[in-house]
Every structure is written in structure tokens, then in C-alpha cells.
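From a predicted model like this one, the values you see are computed outputs, not experimental measurements.
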Amino acid sequence: MTPTTHKSTNMIAVFGSAFFVVSLAALFIFSHLVSLKKEEYQRETLAAAEAEAHNAALSQLTRTLDETKEDRDSVNGRILKDEDVIGFLALIETLGKEQGVSLSTSALTVEPIDATFERLVMSVAVSGPYQGVIRTLEVLENLPYQSSVLHLQLSRGEAEDGSQVWKSTYDLTITKFKKR
């Protein structure tokens with residue numbers, strides 16, 4: 001005897017199988033969607049982390065900029081700018097007059113240092129009384145710029161009226177910003 005299945009049992013088996021297949025398909029689709037959302041979440045998390053790191057770096061740079069403002073202003077005050085060279089030469093000549101000496105500049109050259117700075121090299125000739133010549137040297141050594149006196153030559157001679165005249169030549173270098 002073969003067991004007979006009832007018609008409603010067959011229908012339940014068919015619906016059960018169909019429900020199983022539909023559930024399996026839904027599970028697959030749901031799993032695929034979760035995987036896509038996970039990748040999108042990871043991309044957004046990475047982008048947020050990069051943005052946060054960028055903001056932190058920007059904040060640090062801003063703090064550094066604020067902290068170094070005084071130092072940068074000090075450097076800017078000590079480095080000659082291209083547009084200030086003529087005024088600087090006039091200042092040198094005025095300093096000579098104030099010391100009671102005759103002062104002239106010559107052999108003005110520019111030597112590169114790096115991408116931002118260059119060195120202005122000039123020869124300064126001074127003649128006059130000993131105190132004035134020495135005081136002029138002291139003033140040139142203490143200019144409010146990044147400068148130095150490289151070579152110094154000092155000699156004594158006589159003026160046309162028979163008085164003693166001291167003559168000195170200096171090679172003076174001044175750091176300046178390059179023209180952009």
C-alpha cells in the first residue's frame with residue numbers, strides 16, 4: 001500500500017518550498033545590500049577620518065603661524081626688501097654725514113643664497129677723522145639688518161691742508177629678499 005498524500009499536504013509542501021526559496025533569495029539580496037552598505041560606511045568613515053586629520057593639521061599650522069608671528073616680524077624687519085635698497089643706500093650715506101666723514105658706496109653686487117634670499121654686497125669707502133671713521137664702522141656693524149662687515153682696510157694719510165685724514169674701506173653684506 002502506498003501512502004497517499006492529501007491534496008492540502010501537497011499544497012503545504014509546495015508553499016513551504018516556495019517560501020524557502022523566496023526566503024533564501026531575500027537572504028541573499030539582504031546580505032548583498034548589507035555588504036554594499038558596509039563598503040559605503042567604510043568609505044565615509046575613511047573620508048571623515050581624513051577630514052578630521054586635515055582639520056587637525058590646519059589647526060596646528062594656524063597655531064604655529066600665530067606662535068611665530070613675532071619671530072617672522074623680527075626677520076622681516078632685519079631682512080632688506082628689494083624696494084628698500086635705494087633707501088638703505090641713502091641711510092648709509094646719511095650715517096656717514098652724521099659721523100662727520102665722507103662716505104661713498106661702490107661695487108654693488110647681488111649674490112644668490114637660496115630660493116628666497118640673496119646677499120647684497122657693497123664696498124663702502126670712508127674718509128675723515130679717526131673717531132668718525134671708527135664710529136662709522138661701529139654703526140655699520142650694528143645696522144638693524146642681517147649684515148656683516150667682511151673686509152676692513154684702514155690707513156692714515158694727509159689732507160690737502162696738512163691735517164691727518166683716515167681712510168677706510170669696508171666690504172659690507174646685507175641679506176635681502178629676492179625679487180619675485
Can you see whether E98 engages T94 through a side-chain donor-acceptor pair at a distance of less than 3.5 angstrom?
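On atom types as modelled, these side chains do not qualify, holding no pair under 3.5 Å.
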Return the [atom1] to [atom2] distance between [X] and [Y], rounded to the nearest 0.5 Å.
| X | Y | atom1 | atom2 | answer |
| --- | --- | --- | --- | --- |
| S123 | L172 | OG | CG | 9.5 Å |
| T62 | E67 | OG1 | CD | 10.5 Å |
| L154 | T169 | CG | OG1 | 9.0 Å |
| L24 | F19 | CG | CZ | 11.5 Å |
| E93 | S104 | CD | OG | 7.5 Å |
| L65 | Q60 | CG | CD | 11.5 Å |

T173 side chain reached by L150 side chain, heavy atoms, under 4.5 Å
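Yes; the side chains approach each other to less than 4.5 Å.
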Is the closest side-chain heavy-atom distance between L36 and V34 below 4.5 Å?
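The answer is no; the side chains never approach within 4.5 Å.
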Out of the candidates E118, Q146, M122, only one should pair with I174 under the side-chain contact (heavy atoms from CB on, under 4.5 Å) rule; please name it.
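Running side-chain contact (heavy atoms from CB on, under 4.5 Å) over E118, Q146, M122 with I174 returns exactly one hit, M122.
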Between S35 (side chain only) and S31 (backbone N and O only), is there a donor and an acceptor less than 3.5 Å apart?
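No: the side chain of S35 does not pair with the backbone of S31.
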When you measure from the side chain of S168 to the backbone N and O of Q153, does any donor-acceptor pair fall under 3.5 Å?
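Confirmed, S168 side chain pairs with Q153 backbone.
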Could you pull out the closest heavy-atom pair between V133 and V101, with the gap in Å?
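Looking at all heavy atoms of both residues, the closest pair is N-CG1, 3.6 Å.
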Over all atoms of both residues, closest heavy-atom pair of G100 and P129:
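Where G100 meets P129 most closely, the heavy atoms are O-CD, 3.6 Å.
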Let me check something: do [X] and [Y] share a hydrophobic cluster, defined by ILVMFWY side-chain heavy atoms less than 4.5 Å apart, either directly or through other members?
| X | Y | result |
| --- | --- | --- |
| V165 | L152 | no |
| W166 | Y170 | yes |
| L103 | L137 | yes |
| V149 | V121 | no |

Please check if atom CD in Q42 has more than 12 non-hydrogen atoms from other residues, nucleotides or ligands closer than 6.0 Å.
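Atom CD in Q42 is packed in, count exceeds 12.
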Within 6.0 Å of CD in Q131, more than 12 heavy atoms from elsewhere:
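Not buried by this count: 12 neighbours or fewer within 6.0 Å.
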Should T175 and L120 be marked as a side chain to side chain contact (heavy atoms under 4.5 Å, CB included) after you check the CA-CA gap, both sets of side-chain angles, and the distance that decides it?
CA-CA 6 Å; T175 303; L120 181 66; over 6 Å; no
May I have the step-by-step check of side chain to side chain contact (heavy atoms under 4.5 Å, CB included) for Q99 and V139, ending in yes or no?
CA-CA 9 Å; Q99 303 310 313; V139 169; 4.0 Å; yes
Got a salt bridge between R43 and E40, using NZ or NE/NH1/NH2 to carboxylate O under 4.0 Å?
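No, no charged N to carboxylate O under 4.0 Å.
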